[in-house]
Amino acid sequence: AVVITFPTAGRKLICGESKMVKFGLQFKATLEHISKVRPDGEDFRWFLKLKCQNCGEISDKWQYITLMSSTPLKGGRGSASMIQKCKLCSRENSIDILKDTIKPYNIQFYIQVEAI
């Protein structure tokens with residue numbers, strides 16, 4: 001069984017007038033004959049259902065993002081792995097994968113939820 005949740009990591013960065021929040025992908029699995037689970041390569045596809053940070057609308061389809069993908073943000077504020085416009089409120093939401101924070105899920109964590 002795999003349980004995936006998206007709790008707020010509690011750290012906030014101020015960027016201009018908008019607040020950017022860091023989220024951690026948490027993972028829990030029962031591993032049999034496997035000692036480690038990790039994304040394989042920079043083209044690994046992370047399939048997610050995304051929630052608008054403005055109105056709370058949840059996407060009806062699974063979206064995928066990769067570490068390699070990069071889309072420029074409006075106003076020259078940098079780039080993100082994915083930018084999606086909310087169908088309900090039209091707000092532009094973005095998500096970026098932080099390469100340095102990706103780590104494997106090891107068998108030693110099999111009884112607890114671990115951020116990967």
Side-chain angles (χ1 to χ4, degrees):
V2 175
V3 178
I4 299 176
T5 58
F6 298 95
T8 304
R11 297 176 283 169
K12 294 185 180 182
L13 301 175
I14 306 300
C15 179
E17 295 180 8
S18 62
K19 293 181 182 177
M20 294 171 38
V21 180
K22 290 183 181 181
F23 292 91
L25 175 64
Q26 292 196 336
F27 182 86
K28 181 179 180 181
T30 302
L31 304 178
E32 293 182 17
H33 308 292
I34 298 173
S35 61
K36 185 184 339 182
V37 176
R38 64 176 173 79
D40 187 25
E42 292 186 0
D43 61 343
F44 180 82
R45 291 184 178 188
W46 299 84
F47 284 87
L48 309 168
K49 279 208 172 194
L50 303 172
K51 181 177 180 179
C52 178
Q53 292 298 299
N54 186 48
C55 69
E57 176 74 8
I58 298 173
S59 60
D60 51 346
K61 295 182 181 178
W62 289 92
Q63 309 290 324
Y64 78 85
I65 61 173
T66 66
L67 186 61
M68 293 177 22
S69 57
S70 180
T71 307
L73 295 168
K74 284 186 178 178
R77 298 176 300 150
S79 64
S81 296
M82 180 182 178
I83 300 172
Q84 181 176 349
K85 190 172 185 177
C86 178
K87 292 180 183 177
L88 189 62
C89 71
S90 298
R91 180 177 178 177
E92 194 173 81
N93 294 287
S94 62
I95 186 169
D96 204 7
I97 300 172
L98 304 175
K99 182 177 183 175
D100 298 336
T101 63
I102 298 172
K103 60 183 182 177
Y105 180 82
N106 294 310
I107 197 165
Q108 66 199 36
F109 301 120
Y110 78 94
I111 58 171
Q112 64 190 33
V113 175
E114 180 71 18
I116 62 168

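Starting from 1, each residue takes its place in the sequence as its number.
- Rounded to the nearest 0.5 Å, atoms CD1 (I102) and CG (L67) are 5.0 Å apart.
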Evaluate side chain to side chain contact (heavy atoms under 4.5 Å, CB included) for K74 paired with E92, printing each intermediate quantity in order. CA-CA 9 Å; K74 284 186 178 178; E92 194 173 81; 3.6 Å; yes
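- Put simply, the side chain of I95 reaches to within 4.5 Å of the side chain of L48, judged on heavy atoms.
- Note that CD1 of I58 is 8.0 Å distant from NZ of K49, once rounded to the nearest 0.5 Å.
- Taking 4.5 Å as the limit, some side-chain heavy atom of I65 sits within range of a side-chain heavy atom of I97.
- Judged purely by atom type and a 3.5 angstrom limit, T71 has no side-chain atom pairing as donor or acceptor with the backbone of I83.
- Rounded to the nearest 0.5 Å, atoms NZ (K51) and SG (C86) are 11.5 Å apart.
- Looking at heavy atoms from C-beta onward, K85 lies in side-chain contact with S90 at the 4.5 angstrom threshold.
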Hey, mind stepping through Y64 and W62 against ring-ring contact (aromatic ring centres under 6.0 Å, His included) and telling me if it holds? CA-CA 7 Å; Y64 78 85; W62 289 92; over 10 Å; no
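- Remark: the S70 side chain and the S79 side chain contain an N/O donor-acceptor pair separated by less than 3.5 Å.
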Carefully, step by step, assess R38 and K103 under the rule side chain to side chain contact (heavy atoms under 4.5 Å, CB included). CA-CA 7 Å; R38 64 176 173 79; K103 60 183 182 177; over 6 Å; no
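- When atom types are taken as modelled, the side chain of D96 and the backbone of S81 share a donor-acceptor pair closer than 3.5 angstrom.
- Here the side chains of L50 and M82 are in contact, with some heavy-atom distance below 4.5 Å.
- Closest of all the heavy-atom pairs between S59 and Q84 is CB-NE2, 4.0 Å.
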